[in-house]
Amino acid sequence: MSADERRRMIVQSVLPLLVEHGAGVTSAQIARAAGIGEGTVFRVFKDKDELFATCFAEALKPDQVLDAIAVIDLDQPLEDRLVEAADALSAHLQRMGALMAAMHGSGNRPARREPAGKDRRRESMGVMRDAMAELFEPERKRLRLPSAQLAALFLSLLFSGRMRFDENGDEPTTMELVDVFLNGAVVAA
């Protein structure tokens, strides 16, 4: 196994542990999950902080959500395409949120120490916007705005609509978000 493959394997093994244990995860737990000796972890990463920062960078990557968006059938109605994409994006946000909450809750915030993190988030948002824009393309002639702009607006609505609401059930469903996005908030007279 190459050094890069070993790094990726360790990171993939550690991500679920970080969600479960936060920064309190032990070297023994890391090694056991990765199926390697503890010493191997620290031949690949200089310390836990480097490992945690690498895990954060991996969690921010949109690869999994981009793959899910790429297989959405463009022949189905736009509403259905957007619901599928919103579900994939919401799952991505939940994974990131769980990791960040666990790490912050245990006192470790590697993303804040890394200045490149903001650039990676901006780049990630850009590729997600571009992938979403493709979902609007079959409707190009009917759209009021360019596909990329609609994709950016949709992402803004989706991400802000997924903020935690109180227990009264005020959080909109995916269908409600898509419906308001496509049809507006006012019922036609």
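The model shown is predicted, which means the values in this text are computed figures rather than measured ones.
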Requested in this report: Enter the distance from D63:CG to D67:CG here, rounded to the nearest 0.5 Å.
Outcome: 6.5 Å
Query raised in the report: Hey, does R32 have a side-chain heavy atom less than 4.5 Å from the side chain of Q29?
Result: yes
Query - Cationic N near anionic O, under 4.0 Å, R140 to E137 - result: yes
Query raised in the report: Are the side chains of F181 and L158 in touch, meaning some heavy atoms are under 4.5 Å apart?
Result: no
Query raised in the report: Side chains of E58 and R8: does their closest heavy-atom pair fall under 4.5 Å?
Result: no
Query raised in the report: Does the side chain of F136 reach to within under 4.5 Å of the side chain of L82, using non-hydrogen atoms?
Result: yes
Query raised in the report: Do you know which two heavy atoms are closest between V14 and C55, and how far apart they sit?
Result: CG1-SG, 3.8 Å
Query raised in the report: Heavy-atom count around Q64 CD within 6.0 Å, excluding the residue itself: above 12?
Result: no
**Report entry** Contacts of type salt bridge (charged side-chain N to carboxylate O under 4.0 Å, His left out), residue R144, not counting sequence neighbours
**Finding:** none
Query - Flag side-chain contact, heavy atom, 4.5 Å: R6 against I10 - result: yes
Report summary line: What one should report as the nearest heavy-atom pair of A152 and R129 is N-CG, 3.8 Å
**Report entry** L143 side, atom CG; L150 side, atom CG - distance, nearest 0.5 Å
**Finding:** 5.5 Å
Report summary line: Nearest heavy-atom approach of V19 to A102 is O-CB, 3.3 Å
Query raised in the report: Are V180 and L89 connected in a single hydrophobic cluster, I mean Ile/Leu/Val/Met/Phe/Trp/Tyr linked by side-chain heavy atoms less than 4.5 Å apart?
Result: no
Query raised in the report: Nearest heavy-atom pair of M128 and P62: which atoms, and what distance?
Result: CG-CB, 3.9 Å
Query raised in the report: Would you call L18 and F56 a side-chain contact if the rule is heavy atoms closer than 4.5 Å?
Result: no
Requested in this report: With rounding to the nearest 0.5 Å, note down the distance linking CZ in F45 to OG1 in T40.
Outcome: 12.0 Å
Report task. For residues R95 and L99, determine if any side-chain heavy atom of one lies less than 4.5 Å from a side-chain heavy atom of the other. Result -> no
**Report entry** Check against salt bridge (charged side-chain N to carboxylate O under 4.0 Å, His left out), R81 and E84
**Finding:** CA-CA 5 Å; R81 285 177 278 184; E84 278 189 55; over 6 Å; no
Report task. Supply the atom-to-atom distance D75 CG to D80 CG, rounded to the nearest 0.5 angstrom. Result -> 12.0 Å
Query - CG on L182 to CD on E79, rounded to 0.5 Å - result: 6.5 Å
Requested in this report: Taking all non-hydrogen atoms of both residues into account, name the closest pair between I36 and V41 and its distance.
Outcome: CD1-CG2, 3.8 Å
Query raised in the report: How close do S147 and A133 get, heavy atom to heavy atom, and via which atoms?
Result: CB-O, 3.6 Å
Query - Residues which pass side-chain contact (heavy atoms from CB on, under 4.5 Å) with E38, listed by chain and number, not counting sequence neighbours - result: S27, A28, A31
Query raised in the report: Is the closest side-chain heavy-atom distance between V11 and L51 below 4.5 Å?
Result: yes
Report task. First locate atom CD of Q94, then atom NE2 of H92, and finally report the distance between them rounded to the nearest 0.5 Å. Result -> 11.5 Å
Query raised in the report: Between the main-chain N or O of V44 and the side-chain N or O of R7, is there a donor-acceptor pair closer than 3.5 Å?
Result: yes
